[in-house]
> 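Quick one: the structure is below, and I'll ask about it shortly.
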Amino acid sequence: MKNRTGEPIIRVTNLAKSFGDNEVLSDINGEIYRGEVVCVIGPSGSGKSTLLRCINMLETPTSGTIVVDGHEMTDPDVDIDAARTRIGMVFQSFNLFSHLSVRENLTVAQRHVLRRSKAEANRVAEHTLERVGLSEKIDAAPSSLSGGQQQRVAIARALSMNPDVMLFDEPTSALDPELVGDVLKVMRSLADEGMTMVVVTHEMAFARDVADRVLFMADGVVVEEGPAAEVIGDPEQARTREFLHRVLNPTG
Amino acid sequence: MSKRKRSQISRWIQYAILIVVAAFVVIQADWATLAETFLNLEVAAGMFPEVITVALKNTILFTLLGFALGLVLAIVLALMRLSSVGPYRWLAIIYIEFFRGLPALVVFLVMGFGLPVAFPGLGLNKLVVIMVALGLVASAYMAETIRAGIQAVPQGQVEAARSLGMSSSRAMVTVVLPQAFRIILPPLTNELILLTKDSSLAYILGSSVAGRELAALARAEIVNTASLTPFIVIALCYLAITIPLSYLSRLLEKKFGSVGRPA
């Protein structure tokens, strides 16, 4: 585990979220420190994606506070657009801008949001695309790429904004099995470079090998958290054991 | 009898009926009088070059001005219709229901005689009045088309844009509208073709010789020549506008074909 010094980059306090009468998250508390890789695991419907989406306010929490990098995201008067530029997000369904080329996908927010010059935006785009191993696809249309390539472009798009933290929302769940490895490899190299990452995932091997810390969520609460080796290798809670047993032995 | 045989026989019966009907029409029609009334080449020749240089030009001009105004109004209306602000939504709904429910003829009459009375100080010329009337007629329909297009853009596209720090209006302009317009290109072309034909209503506002569009010219020529040939000439002119438009739309649709699908 990385040493946790200084202010956490993400601090979640008493977070709750309901959709109508359905309480998806209840009283979540926690911190994430600079350079940490935290994987969030748990059964579907446990609220892990909602938690991730609350961090950059794609979902508005019902109550509680979220502070990212000193900015209180839940303050109604916060400049949410400026705050979001520091938080990269990767979606399950990639969400590349389908009417733009790969290059434009990587430069459009740099130009319009960060006001970078065309030359600088291009330079950053080329660099980040190289990091995900897709330099030769810079002028391709997203629809011409495989799912794994699209997801790596989506990672590059988020990196182009030079975020302080990256959120991954089940980044490999929509991929064919043989394409999962390429995306995980890119994520692992990001982790090795010291990027702060929060990853909602079903890839237990990735969580075990790469995560500094694992949160197990069920029914809108964090049931168990700790070093990956403990939560995945030797869970304390019955619910965690049951979940892992089902995930690791799907046939029985 | 096999199913295939039966459908073959039914096909032959359909052909036979068509041929009988066509033959009846051809035999019964008074071709000589028809030709004299509708295909008087002398009358047709007399309409040139004005039918092109004045009337066709004006039809295109009115249509484009009306379409441009209509498109701008329609985008604003569609955004109001989808707004989270209640009064904007209601205003847009009232406007759309009102102008969509009125015959274009009524809009033309009310605007044509109402606008100059309402704003005497502006010295509105006929072109502006026509543009406003056509724009109002077109905007109500196009607003609903554009709204449908905006709603057809996957929510994930907006979320990706917002997560990169784009404001909601920036995301709308940079991500949503360009994709929406690619999706609604075919129905939008349809609106343009409908508007081309609606521009013929400009004749009820009366016009100078130089301000005549196709329909107005045809009516004037019919009075002058006592022949219905001008109708055939302008019909061909309308087709000369609308058929290339359809073709262009199909071409663009093919070009943007990959966009409507999720990447």
Side-chain angles (χ1 to χ4, degrees), chain A residues 49 52-53 55-59 79-102 104-115 140-147 149-151 153-154 157-163 165-169 174, chain B residues 71 75 78-79 82-86 145-189 248-263:
Chain A
S49 282
L52 199 73
R53 291 162 59 85
I55 291 175
N56 70 350
M57 297 292 283
L58 283 184
E59 301 289 353
D79 182 349
I80 192 67
D81 298 326
R84 279 182 180 140
T85 61
R86 290 182 284 271
I87 308 170
M89 178 129 186
V90 175
F91 299 86
Q92 179 177 350
S93 49
F94 329 135
N95 296 352
L96 292 181
F97 303 133
S98 54
H99 64 303
L100 301 177
S101 71
V102 168
E104 289 162 332
N105 265 277
L106 267 58
T107 54
V108 65
Q110 293 189 63
R111 302 272 285 125
H112 287 303
V113 179
L114 300 180
R115 303 266 160 219
S143 56
S144 71
L145 303 178
S146 74
Q149 290 172 332
Q150 288 191 45
Q151 192 60 298
V153 171
R157 176 175 67 178
L159 289 175
S160 296
M161 304 295 283
N162 300 104
V165 53
M166 288 278 287
L167 310 177
F168 294 84
D169 187 6
Chain B
L71 194 61
I75 293 174
L79 294 177
L82 293 169
S83 164
S84 53
V85 183
T145 306
I146 293 170
R147 177 180 66 85
I150 290 173
Q151 286 179 321
V153 175
Q155 186 58 27
Q157 296 283 312
V158 180
E159 289 185 352
R162 297 304 307 273
S163 79
L164 289 164
M166 291 190 202
S167 65
S168 62
S169 46
R170 167 52 67 191
M172 180 59 72
V173 170
T174 309
V175 175
V176 178
L177 283 180
Q179 293 188 35
F181 271 96
R182 285 161 166 84
I183 296 170
I184 62 173
L185 203 63
L188 223 48
T189 314
L248 187 69
S249 157
R250 274 196 296 275
L251 216 64
L252 289 172
E253 218 178 313
K254 212 177 281 174
K255 187 179 165 206
F256 296 141
S258 65
V259 169
R261 280 181 261 132

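Throughout, protein chains are lettered first and strands after them, A, B, ... in sequence-line order, and every chain is numbered starting at 1. Note that the structure is a prediction, hence the values are computed from the model and not measured.
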> In terms of heavy-atom pairs under 4.5 Å, which option from A:Arg86, A:His112, A:Arg53 contacts chain B the most?
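The option with the most such pairs is A:His112.
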> Of all the heavy-atom pairs spanning B:Gln157 and A:Ser98, show the shortest one and how long it is.
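For B:Gln157 versus A:Ser98, the nearest heavy atoms are OE1-N, 3.6 Å.
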> For B:Arg162, which atoms come within 4.5 Å of any heavy atom of chain A: side chain, backbone, both, or neither?
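Both backbone and side chain of B:Arg162 come within 4.5 Å of chain A.
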> Among A:Arg157, A:Arg84, A:Met89, A:Gln110, find the residue that satisfies the side chain to side chain contact (heavy atoms under 4.5 Å, CB included) test when tested with B:Leu164.
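Output: one option passes, namely A:Arg157.
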> Non-hydrogen atoms of chain B under 4.5 Å away: do they reach the side chain of A:Leu58, the backbone, both or neither?
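The side chain, not the backbone.
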> Can you give me the closest heavy-atom contact between B:Met166 and A:Asp81, atom names plus distance?
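Looking at all heavy atoms of both residues, the closest pair is O-OD1, 3.4 Å.
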> Taking all atoms of both residues into account, what is the closest heavy-atom pair of B:Ala160 and A:Phe97, and its distance?
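B:Ala160 and A:Phe97 have their closest heavy atoms at CB-CE2, 3.9 Å.
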> Considering only heavy atoms, which portion of A:Ile80 lies under 4.5 Å from any heavy atom of chain B: side chain, backbone, both, or neither?
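Contact with chain B involves the side chain of A:Ile80 alone.
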> Check whether any side-chain N or O of A:Asn56 sits under 3.5 Å from a backbone N or O of B:Ser163 as a donor-acceptor pair, and report yes or no.
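Checked: no pair found.
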> Could you grab the distance from atom NE2 of A:His99 to atom OG1 of B:Thr174, nearest 0.5 Å is fine?
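Rounded to the nearest 0.5 Å, the NE2-OG1 separation comes out at 7.5 Å.
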